[in-house]
Amino acid sequence: MTHPFAERLMAWYRRHARPLPWRNTRNPYYIWLSEIILQQTRVVQGQDYYLKFIETFPDVFALAKADEQQVLRLWQGLGYYTRARNLHYTAQYIATELNGKFPDTYQQLLQLRGVGKYTAAAIASFAFEEPVAVVDGNVYRVLARYFGEETDIASPKAYATFFALAQSLLPADQSATFNQAMMEFGAMQCVPVSPKCMFCPFQLECVAFATGRQAQLPVKQKKTKVRPRYFHYVVLRSEEGDVWLKPRTSNDIWKGLFDFYLVEGENEVVMESALLNDPLISSLRKEGTEESLSKQYVHILSHQKIYARFHTFVASGSLIERLVEKNAPGLRKIAADELTAYPLPVLIDKYLKETHF
DNA sequence: CAGTCGTGGGA
DNA sequence: TTCCCAAGACT
């Protein structure tokens with residue numbers, strides 16, 4: 001009764017599946033962890049993080065017992081840090097409220113923080129063989145091309161359209177294999193640029209191939225606009241080897257991570273006066289503190305382009321403490337050799353490495 | 001709905 | 001250089 005498409009897809013999968021570490025298990029904790037890591041993230045980038053996480057936190061209780069800061073530090077460099085904070089929150093919820101028993105249905109999984117429709121379907125099918133189709137970027141692409149489906153995948157209603165398609169193809173008794181196969185096929189064969197149509201098992205029926213529209217499908221309208229930001233960081237270093245960090249708590253980029261005291265301006269012109277007017281910088285200069293300025297760093301995020309410079313001030317710890325208390329409450333004094341315990345944005349980590357901190 | 005949340009890699 | 005985008009979720 002299996003749909004011919006599904007049959008051929010799974011045959012392809014049996015020959016071409018990569019041996020990924022999270023494919024050897026039905027443990028929902030491992031599958032959940034891998035799926036959160038892989039959201040908007042390439043396998044090559046996520047794999048080492050997955051291995052680090054299961055080694056450090058072998059079960060949901062271990063993850064629940066950790067500090068959020070430790071989880072974020074392990075996540076450092078992966079981006080979209082809300083994923084890590086939700087991961088930790090959900091681990092604590094499962095460990096304490098559910099006594100460690102993982103939710104085992106699509107609907108219940110959907111209630112977990114950080115678990116949306118895709119991830120709930122992935123866990124439900126991979127761990128519990130529930131017949132619910134996954135729809136991720138790969139699935140959009142494969143189905144849009146195969147069926148010539150032109151719905152804009154950036155519109156929220158597209159999910160329902162493609163879910164219905166995927167669900168109609170899914171064999172109820174092999175949902176795990178089918179879902180894995182759909183994504184693997186999209187990732188390895190029906191790739192975004194230059195898909196391997198010459199060796200494709202669906203060449204005869206694929207609408208995109210027949211009409212030469214592989215490059216036009218799937219349709220995606222939304223284009224992200226990038227906002228420039230101008231950062232001037234104040235790096236406070238004491239002669240005793242301490243450094244002052246700033247926890248990022250607001251709903252901005254890098255929430256939950258640490259950076260330095262920051263002066264930000266709309267543009268470079270505004271920046272100049274902002275620096276002169278800043279109370280902490282003024283007081284440091286008034287004290288004649290040794291100062292140096294770094295090169296400009298350019299750091300690209302999905303919606304922002306950050307131009308950053310680092311102003312380093314070196315002084316005695318007591319002087320810095322006095323000025324910080326008066327002008328920059330909220331900074332945290334850290335021994336330089338304890339920086340490895342703090343989750344830092346890649347921009348900050350790169351600066352620290354380049355200046356041999 | 002439309003915008004926002006990182007980072008790295010490939011064309 | 002610039003653009004796209006990668007096993008999305010949340011507001």
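So you know, we letter chains A, B, ... as the sequences are listed, proteins then strands, and number each from 1. Only a predicted model underlies this, so the values are computations on that prediction, with no experimental measurement involved.
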* Pairwise P distance, B:dG3 and C:dC4 [rounded to whole Å] -> 16 Å
* For residues A:Tyr81 and A:Trp254, establish whether the separation of their ring centroids is below 6.0 Å. => no
* Asked: In whole Å, what is the span from the CZ atom of A:Arg85 to the C1' atom of C:dA9?
  -> 12 Å
* Asked: Any chance the rings of A:Tyr307 and A:Tyr297 have centres within less than 6.0 Å?
  -> no
* Asked: Is A:Asn251 touching bases, backbone alone, or none of the nucleic acid, heavy atoms closer than 4.0 Å?
  -> nothing
* Could you verify whether a donor N or O on one side chain and an acceptor N or O on the other, from A:Gln39 and A:Tyr80, lie under 3.5 Å apart? => no
* Asked: Across the strands shown, which category fits A:Gly77 at heavy-atom distances under 4.0 angstrom: base, sugar-phosphate, nothing?
  -> sugar-phosphate
* **Strand contacts (DNA chain C) in residues 135-161 of chain A, 4.0 angstrom heavy-atom criterion** => A:Asp136, A:Gly137, A:Asn138, A:Arg141
* Check: A:Gln180/A:Arg23 side-chain N/O donor and acceptor closer than 3.5 Å -> yes
* Does A:Tyr80 put a side-chain nitrogen or oxygen below 4.0 Å from OP1 or OP2 of B:dT4? -> no
* With hydrophobic residues grouped by side-chain heavy-atom distances under 4.5 Å, do A:Met10 and A:Phe202 end up in a single group? -> yes
* **Cationic N near anionic O, under 4.0 Å, A:Lys333 to A:Glu338** => no
* To do: Residues of residues 101-109 of chain A with any non-hydrogen atom less than 4.0 angstrom from an atom of DNA chain C: list those, numerically ordered, please.
  => none
* Verify the contact: side-chain N or O of A:His299 to OP1 or OP2 of B:dT7, cut-off strictly under 4.0 Å; return yes or no. => yes
* To do: Return the residues of residues 253-264 of chain A meeting this criterion: a heavy atom under 4.0 Å from some atom of DNA chain B. Order them by number, or give none.
  => A:Ile253, A:Trp254
* Asked: Under 4.0 Å: is that the gap between some side-chain N or O of A:Ser302 and OP1 or OP2 of B:dT4?
  -> no
* **Pair A:Glu266 + A:Arg229, salt bridge at N-O below 4.0 Å** => no
* Measure from CG on A:Leu301 to P on C:dC4 and round the result to the nearest Å. => 17 Å
* Any side-chain heavy atom of A:Tyr351 within less than 4.5 Å of one from A:Phe260? -> yes
* To do: For the pair A:Ile94 and A:Tyr29, evaluate side chain to side chain contact (heavy atoms under 4.5 Å, CB included) and give the outcome as yes or no after the intermediate values.
  => CA-CA 10 Å; A:Ile94 293 174; A:Tyr29 169 72; over 6 Å; no
* Asked: Side chains of A:Lys255 and A:Arg85: closer than 4.5 Å at any heavy-atom pair?
  -> yes
* Please determine, by modelled atom types, if A:Arg141 and A:Asn138 share a side-chain donor-acceptor pair under 3.5 angstrom. => yes
* Could you give the CZ-to-C1' distance, from A:Arg83 to C:dT11, as a whole number of Å? -> 18 Å
* Nearest-Å distance, CD1 (A:Ile300) to P (C:dC5)? -> 17 Å
* **side-chain hydrogen bond (donor to acceptor under 3.5 Å, both in side chains) evaluation trace for A:Tyr30 with A:Asn24** => CA-CA 10 Å; A:Tyr30 291 117; A:Asn24 301 326; over 6 Å; no
* Asked: Nearest-Å distance, NZ (A:Lys305) to C1' (B:dG6)?
  -> 16 Å
* Asked: Other than A:Leu217, which residues form its hydrophobic cluster under the rule that side-chain heavy atoms must be closer than 4.5 Å?
  -> A:Val219
* Under a 4.0 Å heavy-atom cut-off, which of residues 26-47 of chain A touch DNA chain B? -> A:Gln40, A:Thr41, A:Arg42, A:Gln45
* A:Leu20-A:Ile37 co-clustered via ILVMFWY side chain contacts under 4.5 Å -> yes
* Would you mind classifying the nucleic acid contact of A:Trp22 as base, sugar-phosphate or nothing, using non-hydrogen atoms under 4.0 angstrom? => base
* Spacing of A:Met183 atom CE relative to C:dA7 atom P, expressed in whole Å -> 9 Å
* **Donor-acceptor pair between A:Arg73 and A:Gln76 side chains, under 3.5 angstrom** => yes
* To do: Indicate the atoms forming the closest heavy-atom contact of A:Arg237 with A:Ile320, along with that distance.
  => O-CD1, 3.4 Å
* P atoms of C:dA9 and B:dG8, separation to the nearest Å -> 22 Å
* To do: Tell me which residues in residues 342-353 of chain A put a heavy atom below 4.0 Å from DNA chain C, sorted by number, or none.
  => none
* **Side-chain N,O (A:Gln76) to OP1/OP2 (B:dG6) below 4.0 Å** => no
* Asked: Can a salt bridge be assigned to the pair A:Lys52 and A:Asp48 using a cut-off of 4.0 Å between side-chain N and carboxylate O?
  -> no
* How long is the line joining CD of A:Gln221 and P of C:dC5, in whole Å? -> 12 Å
* Report yes if a side-chain nitrogen or oxygen of A:Lys225 is closer than 4.0 Å to either non-bridging phosphate oxygen (OP1 or OP2) of B:dG3; otherwise report no. => yes
* **Rounded distance (Å) that lies between atom C1' of C:dG8 and atom CD1 of A:Ile123** => 13 Å
* Asked: Going by the angle between their ring planes, with limits at 30° and 60°, are A:Phe57 and A:Phe53 parallel, tilted or perpendicular?
  -> tilted
* Mind checking the P distance from B:dG10 to C:dA7? Whole angstroms is fine. -> 15 Å
